[in-house]
Amino acid sequence: QVQLVESGGGLVQAGGSLRLSCAASGRTFSNYAMGWFRQAPGKERELLAVITWGGGTTYYSDSVKGRFSISRDNARYTVYLQMNSLKPEDAAVYYCAAARFFARDPRDYNYWGQGTQVTVSS
């Protein structure tokens, strides 16, 4: 069992930066690949980035590639999403999730956090 809690969301101006954190409970955290997703009102949940259990492989969606960076600290049971050059269209609820393998489909993720709101003003 893994419990995930996101933090770091808030209001930022366009062009600004935020760093989201996802704290995990459970000593098996390092066994899981971790992903960041977001969901805006009326839209489907969108995969943003994935990182393998060891951090050696990452994936980014085209919508965030070059602006967002995913990382993890297994010693701290935490995964991060550094978001730079934020745009109004990045506004959404951001979720972290854990999967037993490197996955891109939300249905393959076993555990989810409750989400943190990101608002970007123009």
Side-chain angles (χ1 to χ4, degrees):
Q1 186 79 11
V2 176
Q3 293 182 325
L4 304 172
V5 179
E6 302 94 338
S7 62
L11 173 64
V12 64
Q13 286 188 333
S17 298
L18 281 176
R19 189 175 80 156
L20 305 183
S21 298
C22 173
S25 66
R27 291 179 291 178
T28 59
F29 170 72
S30 60
N31 294 341
Y32 289 85
M34 298 297 296
W36 281 99
F37 297 78
R38 69 186 178 193
Q39 189 165 19
K43 295 188 177 181
E44 292 186 352
R45 190 163 295 191
E46 175 190 10
L47 171 66
L48 304 176
V50 186
I51 189 166
T52 52
W53 67 271
T57 301
T58 57
Y59 164 84
Y60 296 94
S61 68
D62 288 342
S63 62
V64 304
K65 193 177 298 181
R67 299 189 299 124
F68 291 12
S69 177
I70 188 171
S71 61
R72 67 189 295 164
D73 185 340
N74 287 341
R76 297 180 183 271
Y77 301 101
T78 303
V79 63
Y80 304 97
L81 185 68
Q82 177 66 44
M83 306 187 296
N84 299 325
S85 302
L86 283 161
K87 306 173 183 180
E89 53 263 42
D90 292 318
V93 178
Y94 283 67
Y95 300 90
C96 67
R100 292 189 174 90
F101 57 94
F102 190 85
R104 300 184 187 182
D105 189 332
R107 295 171 295 181
D108 292 323
Y109 282 77
N110 307 97
Y111 304 103
W112 292 83
Q114 83 291 347
T116 185
Q117 177 72 49
V118 172
T119 304
V120 184
S121 63
S122 57

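On a predicted model such as this, the values are computed, not experimentally measured, just so you know.
Between F101 atom CZ and N31 atom CG the span is 14.5 Å, to the nearest 0.5 Å. Separating the OG atom in S61 from the CD atom in E46 is a distance of 5.0 Å, to the nearest 0.5 Å. Taken from CZ in R72 to OG in S30, the straight-line distance is 7.0 Å, to the nearest 0.5 Å. To the nearest 0.5 Å, the span separating OG1 on T78 from CZ on F29 amounts to 6.5 Å. In this structure, CG on N110 lies 4.0 Å from CZ on R100, to the nearest 0.5 angstrom. Summarising the geometry, atom CZ belonging to R38 is positioned 13.0 Å from atom CZ belonging to R45; distances are rounded to the nearest 0.5 Å.
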- Message: Could you walk me through whether D90 and R67 satisfy the side-chain contact (heavy atoms from CB on, under 4.5 Å) test, starting with their C-alpha distance in whole Å, then the side-chain angles of each, then the deciding distance to 0.1 Å, before giving a yes or no?
- Response: CA-CA 11 Å; D90 292 318; R67 299 189 299 124; 2.7 Å; yes
- Task: Walk me through it: do T116 and Y94 pass the test side-chain contact (heavy atoms from CB on, under 4.5 Å)?
- Result: CA-CA 5 Å; T116 185; Y94 283 67; 4.2 Å; yes
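V93 and G115 make their closest contact through CG1-CA, 3.8 Å (heavy atoms, listed as atom of the first residue, atom of the second, distance). Considering every non-hydrogen atom in both I70 and M34, the closest pair reads CD1-O, 3.8 Å. The two residues A92 and Q117 have their closest heavy-atom pair at O-NE2, 3.3 Å. Closest non-hydrogen pair, L81 versus A49, comes out as CD1-CB, 4.4 Å. Across every non-hydrogen atom of A97 and Y109, the tightest pair is CB-CD2, 3.4 Å. Considering all non-hydrogen atoms of both residues, Y95 and G113 come closest at CD2-O, 3.6 Å.
The aromatic rings of F37 and W112 are tilted relative to each other, their planes meeting at an angle between 30° and 60°.
More than 12 heavy atoms of other residues, nucleotides or ligands sit less than 6.0 Å from atom CD of E89.
Ion pairing between a basic and an acidic side chain is recognised when a charged N comes within 4.0 Å of a carboxylate O; K65 and D62 show such pairing.
At a threshold of 4.5 Å between side-chain heavy atoms, the hydrophobic network of Ile, Leu, Val, Met, Phe, Trp and Tyr places L86 and V64 in one connected group. Hydrophobic clustering keeps L47 apart from V118 (ILVMFWY residues linked when any side-chain heavy atoms are closer than 4.5 Å, directly or through intermediates).
Because its NZ or CZ atom is both nearer than 6.0 Å to the ring centre of Y80 and within 45° of the ring axis, R19 counts as a cation-pi partner of that residue.
Aromatic pair F68/W36: centroids not less than 6.0 angstrom apart.
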